[in-house]
Each structure stands twice: as structure tokens, then as C-alpha cells.
Protein chains: 2
Amino acid sequence: MDRLETRELAYFVAVAEELHFGKAAERLGIAQPPLSRAISRLERRMGVRLLERTSRRVALTDAGAVFLGESRQLLDSLDAAVRRAQRARQPGRLVMAVRPGSASGLVADLVRSAEVGSHDVVFTHDRPAALRDGRADVALLCIGTDDLTGLRTAVLTEEAPYALLPRDHPLARRTVVTVAELAQDAHFDPECPTVGLDEIVDRVVLGRLVTVVGSGAVERIPSEVAAVPVSDLLPTRLALAWPEGASRPAVTAFVRSARAAAARRALDAKDTGAVAVQG
Amino acid sequence: MDRLETRELAYFVAVAEELHFGKAAERLGIAQPPLSRAISRLERRMGVRLLERTSRRVALTDAGAVFLGESRQLLDSLDAAVRRAQRARQPGRLVMAVRPGSASGLVADLVRSAEVGSHDVVFTHDRPAALRDGRADVALLCIGTDDLTGLRTAVLTEEAPYALLPRDHPLARRTVVTVAELAQDAHFDPECPTVGLDEIVDRVVLGRLVTVVGSGAVERIPSEVAAVPVSDLLPTRLALAWPEGASRPAVTAFVRSARAAAARRALDAKDTGAVAVQG
DNA sequence: AGGGTCGATACCCTGAAGGTATGGATCGTC
DNA sequence: GACGATCCATACCTTCAGGGTATCGACCCT
């Protein structure tokens, strides 16, 4: 059995998603008969029935469901591979993905301290995806909220959790709150939201949201929003992440220097007390 | 830019490994000119120079080195995807990879307790690879010694470390030893070896090896070999592992029942004291 | 029964992939 | 420094896999 071609994977994904040969063919920009043949040949070569089809119904078999997931992942990985190779043209240049609004002093420190060539920082909400699709080489993300599958991480720092509340909220003048107290509010959403900080702030100001952010974000909120330490939440662990099997020396060099920079920052913070948990 | 085909990846890998178009073409079973053209077209479509070539020398560019790693991984993943789909034909049937000689009561318990359909157990030394290439659905491996990249794990049990020594070894009659004491022996090899237990035993009997194994293996060694608890090593953590993104319900069901079985085992052991660390 | 829908089959055709011959650059050697 | 050897690139030809059109056959719904 010779090797499957990516075209065949793309064809199968289209049919598996549409569950309709005609629609899938249209989506692929080809006619229906060649698509039928391609799928048949694919099944024959794999030795597995992927789709159960009558003239009225197309359905995935168990094997087909598995292969659909695998195929999607493979096609994504292929695109990622190309992007990574394209960006590796400048071997020293790294791209770091950061959530908009989270570019605190930490990010500046990382960029400043890196010994490797030049850097770019892309701001995007879906940082794990940016790593997986090859748009970025490293990313700053939260352990526990972000999806870490396929990524390696190095914890850089911990951020104390702060509740964001409207100025006139009953809990706004407290020195410390608990999750249970916050949960009283109908607008409480404990998930580290995937939207930008600016949008979070807007929604809090309007009384539409009560949520928790890391201490790094506190210095960036306007006076209309109160930030109150949360006593019974574990600190958010901020980590530098990069794809497994990253073969670029610049990545490992950057990780090393980032660890050192984070350690220095932690020392400074202890000395001055500026970023202490108690605020 | 339309999508790269796996054939192009395979061609590139061949050239990148041989660093010689003629040799690579021979390996691929095609003539040299089509290979040259395929690589050129690949580079043109990607917009990146992958190989630096003169009539005397072929070398990888930085981008090429990155793309080589990515391509290898993609081709492996493709083969794995096909195998996984093929085996998913029997959705209930699971294949578990176990190291030869480590099929202690734990494995039997796992297989017995599983609620899902039928199971197979394959015995192989390279269990992580068996998971990655799709030969197995789950595997039993050691955290700390096996490579866990791309795998999810659930720790099932901890095994106390025992030193294996020839019967007539100076330390053989001790009730407990330390790593420092073992290290005196020129044949001491602390790495959890990747060979089978039978080979380990053979080498220990011949006085060619002193090593450490988990308590599960102790009941399987002959009387010519002494097993002495090691006091200053952390217990080996045995974990069930499976590939990230496994989309088969049978896998998650098996993991759940395995966790339960391991918990029951731990309780039994505590009651009877049979597998206690003190032996 | 008849029309509509949809996947499979039959048959044809185009173009991409592969083969052969050869060019052109570079290195080693006498 | 001319010559041969080596090796990648180019030119040109050939083949067949992949795609198109027409149509069949199965199935559902009035």
C-alpha cells in the first residue's frame, strides 16, 4: 500500500463534514464522481470502510470518526509545518504570542533580556492555536485555563488572583473576597476569559461581568473598576509555552533567558514588595 | 498556494537525509531529474529555500532543517492515523502495550476489570512509540524514564525501588541499600533499562549488571538474584498512557476503569500489606 | 406509478509525474 | 591547464492518475 496523499485526506474530511458527496464536491471545487472514486480508493487502500453510504444517507463508521479526527489534525499540522519552515528563514527571529492587554512588565522583560537575535510579538487571543498553527514560536499562557496539549511549558511566574468589580458593587470596598461571595453575583464568570482585557473592563464597568484576573492586569484597569484580592483561589501560573519537538535553537535559547529573566523579576519583587500577593 | 502532497514531503526527507539527489532518487525508486524538479517546485510553492545546492554540495538551510523535522513527524503521524483507523474497525477492542516481563497482577487486574469489549495486550519494549505509531491504544509506562511527549497519562500505582544483585554480592544480604552503596559497583546502571526483565536477570546472574527495578518485578525473579529495597530512591510511578486527542470512547472508558482497579488494588495492598514498601 | 435525489459506474480527456538525453558547473588529476 | 568525473539542472517526450460528462440504479415521497 503506497502512502496516502494529503488531497485524499482533504477529500475525506470534506465528505465526513458534509455527509453529502455533492455538497462536499462543490466545496472542493471538483465534480461528484471523482470524489466518490477517490473515497472508494482511499477505503480500499486503507482496508477500512470509513463511510456507510446508501443513496439516501451518508454516515461515518467508527473507523471513519477516528480517521476524521486524525486527518483534521494532520492537515493542520501540515500547514503549521510550512509556516514554521517559512519563518525559520530568519533563524534568529522569534515570534511570541501574547494576549492583548497582558503585555505587562514581564513581557517587556522577556523581550529585553533575550540574547537571541530579533523578536516579534503578535497579540492574539488564541495563543495555543498560534503555537500549533506555526504562527508563533513561543507564547505566554495560563496553566489551567489554556489548552496545553502538544505544548511544552516553563512556568515563569505566579500571579495573585484579583476580582474585578464595578466601583459601586457591594464587594468593591472589601480588602479581600472569596469565590463563594463572588458567586452570589449573577454575572460572575470564573473562567479566565478568552477575550481581551479591554473588553473585560468594558463589561465590568457596565455591570455585566464579575470575573477574576491575574495581578499583572490590575495596573492596567481604570478607576471605574475595583480590583479586590481573592483569598481562596490558587495563583494563576503564567508559563512560556512552545511546540513539542521545536527544533530551533533560538527557541531553547529564548526559554533559557526567559527563565532567568523571570527569576530576576521574582527577586526584585521580593525586595521591593511591588508585586506581592497582598497588593 | 495549493496544499503540499505527502509525496513531496517524502521526497524532501529523502534528499535531506542523503544530501545527494542521486542517492535519494535511487532510494525513492525514481530517476534523479524528476526529484530535482519536485524539490524545486516544493521550494517555489512554499516560498522558502530548503536546500543550498551546488553541483558539488547539498546542504540544508535553517528553514530546511526545521521542515525536515516537521516532515518526518508528519509522515509518521500519517502512518499512525491509518493504523488507528484500521484498528477502530472494532470500536470496543483495545490494544495495550506492556513491557515484556512487567505483566504483574496489575495488568491482569486492568484487563479483568475493564467494562469495555475485548482487549489485546502487545508486549514491546518501546511502548511510547507503539502509542505514537498507532499500534497500541494505551500503554503502561514509567513516569520519569519513558518519553511522554504527545501522550496523556494517569498514574495508576507507585512501585518501591528494589536493587537487583547477584546472590553472592556483598550487598545481597542487606535489608536495605542506598544508591551511593550501589554506585560502588562498576556494573551499576541506574537507568530503568529498556530491555526485558529476563535479559536484566540474566545479566545480573552473570555479575554483569546491578540495577534497580520496581517492586512488581520482584516476584518474577529467580532465587539466583537478590532483591534489596533501595532507601533513597523515589518510587517508580507507573502510569497508563494514551495518545493526545484520542477520539475513541473505549479509551476513556478503559482509563476510567483502570483508575478504579488501581484504587481497589491500593486498598487491598494496604489491608494485606502484601505489596507494602517495606516488603 | 412517476418524479426527484443521490451515490456509483462507464467512458473520455487533460495534465502532472516520471523517464531519457544532455547541458553546465565544479573539483581532482596528470 | 586540459581532461575526465561528478552531480544538479534543463529540455523534451511519454504515460497514467485524476478530473469531467453522461448515465445508471437505488431509494424516498407524494
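So you know, we letter chains A, B, ... as the sequences are listed, proteins then strands, and number each from 1.
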A.B. asks: Given side chains that start at C-beta, do those of Pro128(A) and Leu148(A) come closer than 4.5 Å, heavy atoms only?
C.D. replies: no
A.B. asks: Figure out the CD1/P separation between Ile30(B) and dA16(C), and round it to whole Å.
C.D. replies: 17 Å
A.B. asks: Checking side-chain polar atoms at under 3.5 Å, does Gln32(A) have a donor or acceptor matched by the opposite partner on Ser36(A)?
C.D. replies: yes
A.B. asks: Using atom CZ of Arg41(B) as one end and atom P of dG15(C) as the other, report the distance to the nearest whole Å.
C.D. replies: 16 Å
A.B. asks: Does a nitrogen or oxygen in the side chain of Arg56(A) sit under 4.0 Å from OP1 or OP2 of dG4(C)?
C.D. replies: no
A.B. asks: Starting at the 5' end of DNA chain D, which residue's closest nucleotide do you reach first, Leu19(B) or Thr54(A)?
C.D. replies: Leu19(B)
A.B. asks: Round to the nearest Å and state the distance from Glu52(B) atom CD to dC8(D) atom C1'.
C.D. replies: 13 Å
A.B. asks: Send over the distance from Leu4(B) CG to dA17(C) C1', rounded to a whole Å.
C.D. replies: 16 Å
A.B. asks: Assess the side chains of Glu52(B) and Thr61(B): does a donor N or O sit below 3.5 Å from an acceptor N or O?
C.D. replies: no
A.B. asks: Arg53(B) side chain: which of dA9(D), dC6(C), dC7(D) is closest?
C.D. replies: dA9(D)
A.B. asks: Looking only at the side chain of His20(A) (C-beta and beyond, no hydrogens), which of the listed nucleotides dG18(C), dG7(C), dG18(D) gets closest?
C.D. replies: dG7(C)
A.B. asks: Could you please name the option among dG19(C), dA22(D), dC7(D) that lies closest to any side-chain atom of Pro33(A)?
C.D. replies: dA22(D)
A.B. asks: Starting at CG of Leu51(A) and ending at P of dG7(C), how long is that distance when rounded to a whole Å?
C.D. replies: 10 Å
A.B. asks: Is there side-chain contact between Asp2(A) and Arg45(A), with heavy atoms separated by less than 4.5 Å?
C.D. replies: yes
A.B. asks: Between Ile39(B) (CD1) and dC7(D) (P), how many Å, whole number?
C.D. replies: 17 Å
A.B. asks: Taking only N and O in the side chain of Arg37(A), is any of them less than 4.0 Å away from OP1 or OP2 of dG7(C)?
C.D. replies: no
A.B. asks: OP1, OP2 of dG7(C) versus side-chain N and O of Ser36(A): anything below 4.0 Å?
C.D. replies: no
A.B. asks: Using side-chain heavy atoms (C-beta onward) and a distance below 4.5 Å, is Tyr11(B) in contact with Leu42(B)?
C.D. replies: no
A.B. asks: Quick one: Gln32(A) CD to dA10(C) P, roughly how many Å, whole number?
C.D. replies: 14 Å
A.B. asks: Between dG15(C) atom C1' and Glu5(B) atom CD, what is the distance in whole Å?
C.D. replies: 15 Å
A.B. asks: Which nucleotide wins on minimum distance to the side chain of Phe21(B), given the candidates dC8(D), dA8(C), dG19(C)?
C.D. replies: dC8(D)
